[in-house]
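Only one structure is covered here, and it is reproduced in the block below.
In each ligand, atom 1 is the first atom listed, and ligand 1 is the first ligand listed.
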Amino acid sequence: MKQNTKLYETAAALLAPGKGILAADESDGTAGKRLQMVNLPNEPENRQDFREILFTAPGIEEYLSGVIMYDSSIRNTTDDGIPFADVLTARGIVPGIKVDLGTRELEGFKGEVVTQGLDNLAERFKEYYDLGARFAKWRMVVTIDEDETPTDEALVVNSIMMARYSQIAQAAGIVPIVEPEVIHTGDHSLEKAEKVTTRATQILFKTLIDYKVDMQGLILKSSMVLAGDKHPEQTPADAVANATIRTFHMSVPHDCAGIVFLSGGQTPERSTENLNAIAKLGEQPWPITFSFSRAIEEPMLKAWDGKKENEDKAKEVLLEVCKNNSKASLGQL
Ligand code: 13P
């Protein structure tokens, strides 16, 4: 039980009011897409510069409780040779680690995928713990396509993988974030998004409970509930807020430690506006905040433009974006 107390403390730190999580856990390939935005080749030193700007920006600890890293970044250091994880820990920001190894096709289920990464996970967690990680992320992908997609079978198999990951994480003293990402791309309606997100989240939590995962030491990372990006009617913020909170009330046990959002390819402005509308609905059974990647990084990347002389400006923009999302998480915009 002693270990679980530690898990609860980590979860509480991550969900502290007015703070959120930066998801800087791009694989090296995806980091290359970010660098492409600033016309830099995808080379280790450019990835290091990008991450160093993110992790050393002055003042962000006021608004960020945690940062999710990728295997190569948790092993990386600043130019001065200080491990990134130590830089974050020293600032009171909890280091986290993405541990899933991406998806593979689910044979027999057209277009559906299953997330990989359970092999040697206990050993990997031990190493990540020694490197400073105290929470982790595993993402499953839920695509809304034809009438029957996602299938319950795909949701179940992914939820079982998620439950095994969560058990192994908690046994290692690491808080699992479970992320069923309902993909925003597509022409599906708000109603369809709500139905699918509710179903996926219900199956996930039923499975987590069946496998005796400790809800108080676990965080849900959810998509906001909204119509697909190609649907003719883009969902206004108050409708996103109502559908999202309704979904959580139908699917998330009240003893789950808390809920954080991915931005899912929405613009930074829209992600923040929707978060603010959700917070404005008032207190919920769970703390709710942000865990954005693109919605936090894009403005900072624009300001940086891959140039040394813009690094301070990029850090200021990052701070501003984090501050805005902090306010939004409190419904104060
Ligand atoms: P976005 O905020 O860019 O959707 O990324 C969050 C995330 O962690 C996706 O796995």
Side-chain angles (χ1 to χ4, degrees), residues 14-15 20-37 50-51 54 63-74 93-103 113-117 133 135-144 158 161-162 165 169 175-186 193 197 200-201 204 218-226 228-229 240 244 258-276 278 288-302 318 321-322 324-326 328-329:
L14 289 169
L15 297 158
I21 297 171
L22 166 64
D25 59 335
E26 297 89 356
S27 64
D28 289 344
T30 307
K33 290 190 194 159
R34 307 281 191 271
L35 292 171
Q36 222 172 30
M37 292 172 61
F50 171 43
R51 289 165 174 157
L54 290 173
Y63 310 112
L64 292 183
S65 56
V67 169
I68 316 175
M69 288 186 280
Y70 182 66
D71 182 80
S72 64
S73 46
I74 202 168
I93 299 174
V94 185
I97 181 75
K98 169 197 168 81
V99 294
D100 71 72
L101 299 176
T103 60
V113 293
V114 60
T115 302
Q116 309 289 300
F135 72 105
K137 187 188 100 173
W138 179 289
R139 171 176 176 264
M140 63 184 256
V141 177
V142 181
T143 306
I144 304 178
N158 274 292
M161 306 290 274
M162 196 75 101
Y165 142 78
V175 171
I177 292 187
V178 293
E179 182 186 23
E181 177 170 357
V182 177
I183 301 294
H184 177 44
T185 319
T197 311
T201 315
L204 173 59
L218 171 128
I219 295 172
L220 169 68
K221 178 160 175 166
S222 177
S223 303
M224 294 175 183
V225 178
L226 71 173
D229 64 347
V240 174
T244 303
I259 303 172
V260 296
F261 287 112
L262 57 102
S263 56
Q266 301 181 78
T267 62
E269 294 75 20
R270 200 165 172 226
S271 307
T272 306
E273 187 194 348
N274 287 340
L275 178 64
N276 191 55
I278 289 164
I288 300 180
T289 188
F290 61 91
S291 173
F292 300 153
S293 176
R294 285 164 287 181
I296 291 181
E297 291 173 354
E298 279 173 15
M300 159 274 178
L301 281 161
K302 268 191 200 147
L318 177 69
V321 170
C322 291
N324 248 338
N325 281 309
S326 156
S329 73

re atom 5 (O) of ligand 1, the protein heavy-atom contact at minimum distance is Ser293 CB, 3.2 Å
What's the shortest distance from atom 9 (C) of ligand 1 to any protein heavy atom, and which residue and atom give it? Glu179 OE2, 3.3 Å
Go through ligand 1 atom by atom and flag the ones less than 4.0 Å from a non-hydrogen atom of Arg139. 10 (O)
If we number the atoms of ligand 1 from 1 as shown, the ones under 4.0 Å from a heavy atom of Phe292 are 2 (O)
Could you state the interatomic distance from CG (Asn324) to OH (Tyr63), rounded to the nearest 0.5 Å? 9.5 Å
Of all the heavy atoms in Lys221, does at least one lie under 4.0 Å from an atom in ligand 1? yes
Is it the case that ligand 1 has an N or O less than 3.5 angstrom from some N or O of Lys137? yes
Contact between Ala295 and ligand 1, counting heavy atoms under 4.0 Å? no
Hey, does Ala23 come in under 3.5 Å of ligand 1, counting only N/O atoms on both sides? no
Give the atom numbers and elements of ligand 1 that come within less than 4.0 Å of a heavy atom of Gly264. 1 (P), 2 (O), 4 (O)
Nearest-neighbour protein heavy atom for atom 1 (P) of ligand 1, which is reported as residue plus atom name and distance: Ser263 OG, 3.3 Å
Apply the test side chain to side chain contact (heavy atoms under 4.5 Å, CB included) to residues Val240 and Val225: give CA-CA distance (whole Å), side-chain angles for both, the deciding distance (0.1 Å), then the verdict. CA-CA 6 Å; Val240 174; Val225 178; 5.7 Å; no
Between the side chains of Thr30 and Ser27, is a donor N or O closer than 3.5 angstrom to an acceptor N or O? yes
Should the proximity of Arg294 to ligand 1, defined as any heavy atom under 4.0 Å, be assigned to the side chain, the backbone, both, or neither? both
Modelled atom types, side-chain donor and acceptor of Asp28 and Ser72, under 3.5 Å: yes
In short, Ser326 meets Phe290 closest at the heavy-atom pair N-CE2, 3.7 Å
Would you sort out whether Gln116 and Asp100 count as a side chain to side chain donor-acceptor pair (under 3.5 Å), showing the intermediate values? CA-CA 6 Å; Gln116 309 289 300; Asp100 71 72; over 6 Å; no
If I compare all heavy atoms of Arg294 with all of Gly265, which pair ends up nearest, and what's the gap? NH2-N, 3.3 Å
Non-hydrogen side-chain atoms of Ile21 and Thr289 separated by less than 4.5 Å: no
